[in-house]
Amino acid sequence: MTSHARIAVQLLVLLCVAHLTVDVLATTTVSLLPSLEKHLGLEKGGFLIGYIIWRIADSCGQMFFGYLGDRVRIKAIIWAGPLFSLFCFSFIGYVQSPVGMTLLLMLGGMGVAAFHPEAATTAGNLSPRHRNRWLAFFALSGYLGQAVGPAYGGWISDHFQLRGLTYNFYWCLPALTLVGLALHWLSARQKRIPESNENLGTTAPHRPAPVGQMLLLFIGGVFRVMPALGIPIVMSYVLIGESDTIKGTVASYFMAGLGMGGIACALGFGSKRPRLTLWLPALLTTIPVALIGYASIQPWTTLFGIIPVAELYVLALISGVLQGVAMPIFISYAQQIMPAGQRLASSLTMGVTWGTGTLVFYGAMAYFKWVNHLQGIFWFFSAGCLVCAVCSYLLRPISDYDFATDE
């Protein structure tokens with residue numbers, strides 16, 4: 001391995017550590033919406049609008065930072081954005097006003113939004129020839145963080161209430177500080193070492209992105225991410241009588257499944273057939289997603305004395321795996337058909353699809369609550385997975401663009 005390649009691997013590891021830390025921090029409140037409402041003295045569903053505003057600002061903020069990053073490089077944003085989020089998310093337990101809570105969550109979300117486009121594009125460009133695989137490792141670290149975050153946040157809430165989130169400073173602040181220092185040092189070393197031609201991918205032509213293909217990718221992406229953002233929130237209401245730890249565990253099983261799918265992608269699954277990997281798992285996940293809302297939470301057994309195994313958890317895990325295997329390829333696909341705007345492409349697939357999906361999801365959630373059948377939303381998620389599969393099937397193969405792909 002050349003010196004340049006070795007430094008590239010080290011940079012990827014640092015980006016993965018940063019991604020894991022950021023996503024743990026960003027998902028600590030995923031299963032705490034009912035607790036936030038209780039903390040603010042609101043009735044059930046009383047903070048939904050504030051929650052929607054936060055999620056949209058978080059997701060769509062990525063498009064702003066992605067557009068900006070394609071024109072002005074601000075590498076420090078990889079560690080500065082998460083540090084800003086740390087301060088915002090850790091003090092939500094000290095806010096008593098719904099408006100103040102919304103503003104604090106929005107500001108924290110903007111820090112997360114600033115991180116993702118720059119970090120994802122940097123990870124993919126470290127090895128253009130193996131973009132799918134390297135992005136899979138990057139995405140995997142995020143899924144692991146998302147798997148830990150909800151259960152961690154639920155445990156903190158149960159034992160220390162929301163003010164206990166200030167304990168984030170004990171581990172998050174040192175981790176992000178070390179990442180920032182190491183990224184600066186390794187990036188400076190990388191600039192001093194000439195890159196060998198064998199590590200370079202084929203130069204992609206800077207031509208406009210095909211609008212029709214981006215539209216298919218975007219529509220499919222909205223319905224692809226909807227179960228990922230919706231299942232933890234809906235289950236926090238379906239399991240309203242259970243503890244925050246149990247609600248967080250459901251979310252963690254789903255996120256752990258995303259991580260397992262990411263591992264499969266990192267090991268090469270789907271890299272040779274990206275379009276197939278985009279539509280087939282989406283089609284297969286329609287059944288487990290539909291059944292989640294009706295599954296039993298009574299444990300069959302307990303692994304290692306602490307990890308419960310039940311029908312609901314297994315279905316959440318399977319759904320996560322089927323979605324997780326395609327998520328890195330979804331991001332890579334967009335980067336490759338938008339070579340002149342890779343940060344914008346990353347923000348569209350990692351941010352704007354999530355923001356738009358949030359709007360559609362909460363509209364559907366309001367309807368199913370109105371008809372007093374909240375569990376019916378899981379059939380809506382299932383239909384969305386089918387839409388995602390159709391849109392992905394209609395995409396042109398990436399080889400048609402003559403862009404660099406995995407070898």
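Everything numeric in this text was worked out from a predicted model, so none of it was measured.
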Quick one: does H19's side chain have a donor or acceptor within less than 3.5 Å of a partner on S141's backbone?
-> no
Rounded distance (nearest 0.5 Å) linking atom CG of L86 with atom SG of C172 = 5.0 Å
Flag, side chain of S85 to backbone of G108, donor-acceptor distance under 3.5 Å = yes
Rounded to the nearest 0.5 Å, the CG atom of L173 sits from the OG1 atom of T21 at a distance of 11.5 Å
Between I292 and M235, what is the shortest heavy-atom contact and its length?
-> CG2-SD, 4.1 Å
Any donor-acceptor pair under 3.5 Å from Q375 side chain to G293 backbone | yes
Which atoms form the tightest heavy-atom contact between S157 and L162, and what is the distance?
-> OG-CD2, 4.3 Å
Taking atom OH of Y393 as the centre, does the number of heavy atoms from other residues, nucleotides or ligands within less than 6.0 Å exceed 12?
-> no
All heavy atoms of I329 vs all of V325, minimum pair found to be CD1-O, 4.3 Å
May I ask you to check whether over 12 heavy atoms, not counting those of W54, lie within 6.0 Å of atom CH2?
-> yes
Verify the neighbour count for atom OH of Y367: are there more than 12 heavy atoms of other residues, nucleotides or ligands below 6.0 Å?
-> no
Rounded distance [0.5 Å steps], CG in L105 versus CZ in F89 = 6.0 Å
Grab the two heavy atoms, one from A282 and one from L278, that are nearest each other, plus how far apart they are.
-> CB-O, 3.8 Å
Could you pull out the closest heavy-atom pair between Q323 and P227, with the gap in Å?
-> NE2-CG, 3.7 Å
Rounded to the nearest 0.5 Å, how far apart are CE of M214 and CG of L395?
-> 10.0 Å
Would you indicate whether L215, at its atom CG, is surrounded by more than 12 heavy atoms from other residues, nucleotides or ligands within a distance under 6.0 Å?
-> yes
Between CE on residue M101 and CG on residue L40, distance to nearest 0.5 Å = 4.5 Å
Review item, side-chain donor-acceptor pairs of residues 8-17, under 3.5 Å, at least two apart:
none

Distance in Å, L165 CG paired with T29 OG1, rounded so as to fall on 0.5 Å steps | 8.0 Å
Min side-chain heavy-atom separation W279-L394 under 4.5 Å | no
When you measure from the side chain of T356 to the backbone N and O of V352, does any donor-acceptor pair fall under 3.5 Å?
-> yes
Are the side chain of S319 and the backbone N or O of A316 linked by a donor-acceptor pair below 3.5 Å?
-> no
For Q96, look at atom CD and say whether over 12 heavy atoms of other residues, nucleotides or ligands are found less than 6.0 Å away.
-> yes
Check: F378 main-chain N/O paired with S382 side-chain donor or acceptor under 3.5 Å = no
Taking it one step at a time, do F169 and F91 satisfy ring-ring contact (aromatic ring centres under 6.0 Å, His included)?
-> CA-CA 11 Å; F169 281 97; F91 287 104; 5.7 Å; yes
Side chain to side chain donor-acceptor pair (under 3.5 Å) contacts in which one or both residues fall within residues 167-181, not counting sequence neighbours | S90-N168, Y152-N168, Y152-W171
Take atom NZ in K38; do more than 12 heavy atoms of anything else shown fall under 6.0 Å from it?
-> no
Would you say the side-chain atoms of T28 pair up with the backbone N or O of L25, donor to acceptor, closer than 3.5 Å?
-> yes
